[in-house]
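Notes follow once the structure below has been shown.
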Amino acid sequence: MAGRGTNGRHGSRGHAGRTAALARLLHKECIQLLELYRNSESLPSSPVDGGYLVSIPPLVPQLSDAEKISILHAALKECLRLLEDVITQEDAEFSDEDSEYKRKWKTVRDRLGHLLASTEQLLVEGQKFEAKVKEELDGQAVSGSFRLKMWIVRVLQDLVHWTGQTSDTLRSLPAEVEKAPKTMSRRTRRGAEKIRK
Amino acid sequence: MQGWVTLALLLSLGVECSLGQNGVGELPVPRGLTLNPDLPAQTLSLTWQSDSSLFDLEIFHTELMNVVLNETVAVKTDPVTGLHSWTWHSPLPLECTSHSAHIRARNQQSVSQWSPLQTIPGSDIPEKSESNMFPQDKVVPVGSNMTFCCIVKEKEDFKEIMYGRQEMSATRLSRRTYAITATNQPVSGNTGTNVICCSQRLTLTGAVVFVGYPPGDEGLVCETRDLASAECSWKKGRDTGLRMRRSRTKYTLNGRDCLEANERKRWWCSSKAWEQSWTLVARNPLGTVQLTDSAQLTDRVHLLAPVNVTAVEVKAWSATLQWSWSVAAYKKLEMVCQLQLFAHELNSTRNYSGPGLSSVVLESLWPDVDYTVTLYCGSKHGFWKWGDKSAPYRIHTKMDRPDALDVWMWMDSSNTGRVFWKPLSVRKSHGALVGYEVSQSSAEEDGWTPVSLPPGNFSYPIILNNGSDITVAVAARNPAGLSQPSTVTTPAYRADSQLSMSELLSTNGSFVLSWQPNANASSGYAVEWVPTGCSGLCPVDWKKVPESDSSFTLNSDSLVAGVRYTVSVYALSTGAPTLLQRWQGYSQEMTPSQSVRELLPNQSGSDVLLSWKATAMENQRGFIRGYTIYLANAAHLELIANISDPEVQSYRVKGLSLSSYKFVVKAYTSAGEDAGATVAIKMEMDTADMLFVGILVPLGIMFCCLILISICCYKKREWVKKAFYPEIPGPKVPGDWSSPQGPLDVKPSPHSLVHIVESPEWDFTKEGLFPVPEEEEESENDNIEVDADSDEPALLRYYNQVVGDGSHGNQVSDSSGSSNTSVDSTQTEITYAGIQSPTSSQGACGGGGYRPQMQSVIGPAEPQIEFEADFQDDGLHAGYKPQCSWQLDSPEAENFSGSLGSPTSVTSSQFLIPESSEEKPQPSNTWFHNFLSGKS
């Protein structure tokens, strides 16, 4: 089965556990950030029309755990890009004064970067998945302050969703499925069994 | 009738009809109506062609055909275009729904036909199926009213429109459009106020409105820092509340963008060249503010801070300070500089002026002081404001020789004294002192004898060997050198007792002194004060006053409350100081800290003389004004005397009865009484009373008793005779014994004699012959205890005291053989007719032979000890021992208690004690009882 080519030399269980814990923490922080934003903007808690911005291939049961992680990694990568765009746009449009909400933005952004780096070590080499973004944040797509705010909510909703998915997937990983970190020596990596259906 | 009515109706209808046809016919319908919406401005321009100048206008919300405008307007033809034009401002964004309009011409009561309807489509037409809200990102002033509309997307329901957190009441304008109106809008938050349209399940759409104020900037001022360019600054004023980048206030200065303010949010602008006048325009979407300022460059010079401040020459009393300027143009500028010197208690500000000032000499500094210098300058001509301050610069001046000391000499006896000097302040020491040098010279000795003392010393002892005056010189030394010596000559010693000192009263804790000017006081006067009665190292203090003064106020801060001071004034001259006057006083009197000493009571008959001594002076803490004497009762003190003369230190309390008394004596000053000394005395009778009460009264009582007894005996003499001297019946013997009769010699019967002798033998043999088991012994001992009266010895002792003589007489008579008792040893009665002398029992119980107590050896320990003790005691005294004889006397001693009261017991009153005799010790039917009760 894909992703099973592990060597136990580095004890990758610990790394996957740490990654799962990081994803869980980030998921919690994303929920807090969304809540903080909705409170500061007096926005209703009902979801914003339009669904998730980031779309990925369906995580069907036939996919291996490693493939699922690779797909989620791609989604998170797009989330980070959207998040950075949002921060830039918001600073340009509104006041760039410091606030708790702004500090939380930065924390989530940094932690998402760490999660991406951490999950990258669990990916199967050679596998490449891409996530798509349905709408882009540009002058055409987002016009008006309210739409920018709704865009921010949608990005945050995506963050909550995809970090939750990642956290659940990482937590459900059986120990033997986990892969050794990518920091293994080149020789070891070359020698690692390449599993692909 | 009916025909007339019908005719009238037809006529009226005909008139109306003809009038209407006439109006239409005369006024042509306006042509070419066109609608031009300005969506951001929410205005709709209508243009048409017509020859008329008065028109009726109607505007509808197309979908529901709600009339939103119905107005008659007078519009003239534009001479250029030949068109009529009129603009309508819609309270509702025109995108919210489709608007239709038509127009007709009017000439007073005549109107034309309506023109065809012209419509501008809204955003709620089916072709635009998505949700939308209008207006978007509007910037409006605080307090304004505003209408928002929400267009719900196709196939979606509408729930509500929220303005911020407030749910608003919505009005339906079309199939998909709903509108709200926000009135008196408050200032928005950082990111505006959200207006949100929601369906039951989704947030459909929304808009942001920015509510704020127009710019409130004020106070434009321009100045130059480099004598060439300009810097204009102003106050921001009221916050506009508009944080969105595109609605922030934009500034221009003389038409140029102000980058400092627009980009860096600072409230100043710079300009490379000075201009005579300046105009600042502050603009935001809600308004514009224009500020102006005009001035000559020389009147607006704001100098930069001096740089490179250094002290080039630092001395003890001065220093030279140099600095430089970062702007070359300053060198020719006539400027004024202010220099601030900070030091401990030595702060000062100095002004200097000159062209391009870059160096000053700081005079009047103090030696060995750390100064911190701060410098700033301004233009002298047309002074505008002080320039920026330089960085603080530190200067430490050099040391110099100390100032001369303030020296005084205090004599505590005729040939001993001490020279004192006051410590030098920082201002006078001019550097840390390293010591003092004391030199003294006398008339007999040539030269000075110097002594070096460490810096902590402030006095030095002086001894006058032969009574001649000594002159002492004292100088202080620091690293820079020695001070000028200060000299003082020993003043003549004058003891307090030699002077008539007056009492010095304080005023608010201070002494106000004045004295007669003295011609010899060529060097002024010295006021000296020292705690009265002080000896050894006393805290002598003094103050020298100039000769022109003859008064001095000794402040309370140099005096201690409750301490008596001796204050002296000396005249100072080249020789020894001369004492002019001396006082004693307290700066503040307090209550004595200790009570009077040696308070003693001395009884004299019914009087008590209280005497005491005043407490030591250091404890008086004020002049003793007198004493109060109190009698201490249980709860309070009762004042019995107030002695206002402090010299009187005794008081006689008169007329006291025989009882105990407590007296409290308190000394008082002007501040009050002390805690008081207490003395107690118990009043006793004197010798005569004692003699009377102790001897004569008992004698009198005894005499009375004897008289009463005598009377009683006399009245009962028959009974007494019968009881104590019964008639002895004569022996009845056969024969004639009547004459001659010899003296009666009654001897005990042989039987009785035998019985008496056998009884002790039995007791002795009992111990040796019957060694019984322990249990039996205990039971015996129990009996013995009861019988031997060990439980109630006093009871039986009392009983025996009362009746003992008779009972012992029985025993003694048995042993001695000289008795007047009849004895029946086997049974029945023994009659005791007389009282035996106790001394006759010695033969039975005393001496070393007979020890009846020995039988209780095996008894319990404690009773035995008691017995032995009693026995030994009795043996020593060889006196009366009723217990012994009584016990031994019974032939049935083993179970004696059982025999008491039995038919076989001896009917002596001694033995008629019931078993409960412990509680009723007195027999009821004895002769003694009879005697007491008076029965014969």
Side-chain angles (χ1 to χ4, degrees), chain A residues 33-53 85-106 134-135 137-161, chain B residues 40 93 95 129-139 148 150 152-157 159-168 188-212 239-248 263-265:
Chain A
L33 182 59
L34 177 58
E35 194 66 22
L36 204 61
Y37 187 71
R38 278 189 163 137
N39 280 337
S40 68
E41 291 292 336
S42 308
L43 296 173
S45 56
S46 54
V48 176
D49 192 13
Y52 295 117
L53 291 169
D85 284 353
V86 158
I87 292 172
T88 307
Q89 186 74 15
E90 195 182 29
D91 281 348
E93 193 71 17
F94 299 115
S95 165
D96 52 2
E97 290 169 5
D98 195 25
S99 65
E100 188 194 351
Y101 155 73
K102 286 284 176 65
R103 288 192 292 273
K104 198 80 177 174
W105 264 123
K106 308 277 165 50
K134 286 194 288 187
E135 300 170 39
L137 178 63
D138 53 34
Q140 303 300 321
V142 179
S143 60
S145 301
F146 190 78
R147 287 187 184 168
L148 174 60
K149 290 179 180 181
M150 289 299 102
W151 179 267
I152 291 170
V153 172
R154 291 180 70 185
V155 170
L156 288 173
Q157 283 178 355
D158 268 46
L159 269 172
V160 170
H161 176 71
Chain B
E95 303 95 324
S129 61
E130 289 302 311
S131 299
N132 228 327
M133 180 171 268
F134 298 99
Q136 289 283 333
D137 294 341
K138 197 95 170 168
V139 183
F148 297 87
C150 169
V152 181
K153 75 176 181 180
E154 292 285 357
K155 298 176 184 175
E156 194 65 69
D157 59 341
K159 183 189 172 192
E160 62 184 359
I161 297 176
M162 303 284 293
Y163 182 88
R165 295 177 190 275
Q166 187 183 358
E167 186 184 340
M168 305 294 286
S188 300
N190 283 346
T191 57
T193 305
N194 296 325
V195 187
I196 303 161
C197 183
C198 299
S199 71
Q200 293 294 340
R201 60 182 187 88
L202 287 173
T203 301
L204 294 173
T205 183
V208 181
V209 59
F210 299 91
V211 186
D239 184 9
T240 62
L242 303 176
R243 299 280 192 282
M244 207 162 162
R245 198 170 290 275
R246 60 174 175 264
S247 15
R248 284 181 196 153
E263 301 297 328
R264 300 172 201 161
K265 296 184 183 175

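By convention in this document, chain letters (A, B, ...) are assigned in the order of the sequence lines, proteins followed by strands, and residues within each chain are numbered from 1.
For the set B:K153, B:E156, B:M162, the entry with the most heavy-atom pairs within less than 4.5 Å of chain A is B:K153. When each of A:S40, A:P44, A:S46 is checked for heavy-atom pairs under 4.5 Å with chain B, A:S46 comes out on top.
By the neighbour-count criterion of 12 heavy atoms within 6.0 Å, atom CD of B:Q200 is densely surrounded, having more than that number from other residues, nucleotides or ligands.
Taking OH of A:Y101 as the start and CG of B:N190 as the end, the distance is 11.5 Å to the nearest 0.5 Å. The distance from the CG atom of B:N132 to the CZ atom of A:R147 is 5.0 Å, given to the nearest 0.5 Å. Atom CD1 in B:I196 sits 8.5 Å away from atom CD in A:E41 (nearest 0.5 Å).
In plain terms, the two heavy atoms of B:A207 and A:F146 that are nearest each other are N-CG, 3.6 Å.
A:E93 pairs in a side chain to side chain contact (heavy atoms under 4.5 Å, CB included) with only one of the listed residues (B:R245, B:R243, B:R246), which is B:R246.
Contacts of B:Y163 classified as ring pair (Phe, Tyr, Trp, His ring centres under 6.0 Å), with partners at least two apart in sequence or in another chain: none. Applying the side-chain contact (heavy atoms from CB on, under 4.5 Å) rule to A:N39 yields the partners A:E35; only residues at least two apart in sequence or on another chain are considered.
Side-chain atoms of A:K149 do not come within 3.5 Å of backbone N or O of B:V208 as any donor-acceptor pair. Between the side chain of B:N194 and the backbone N or O of A:S42, no donor-acceptor pair lies under 3.5 Å.
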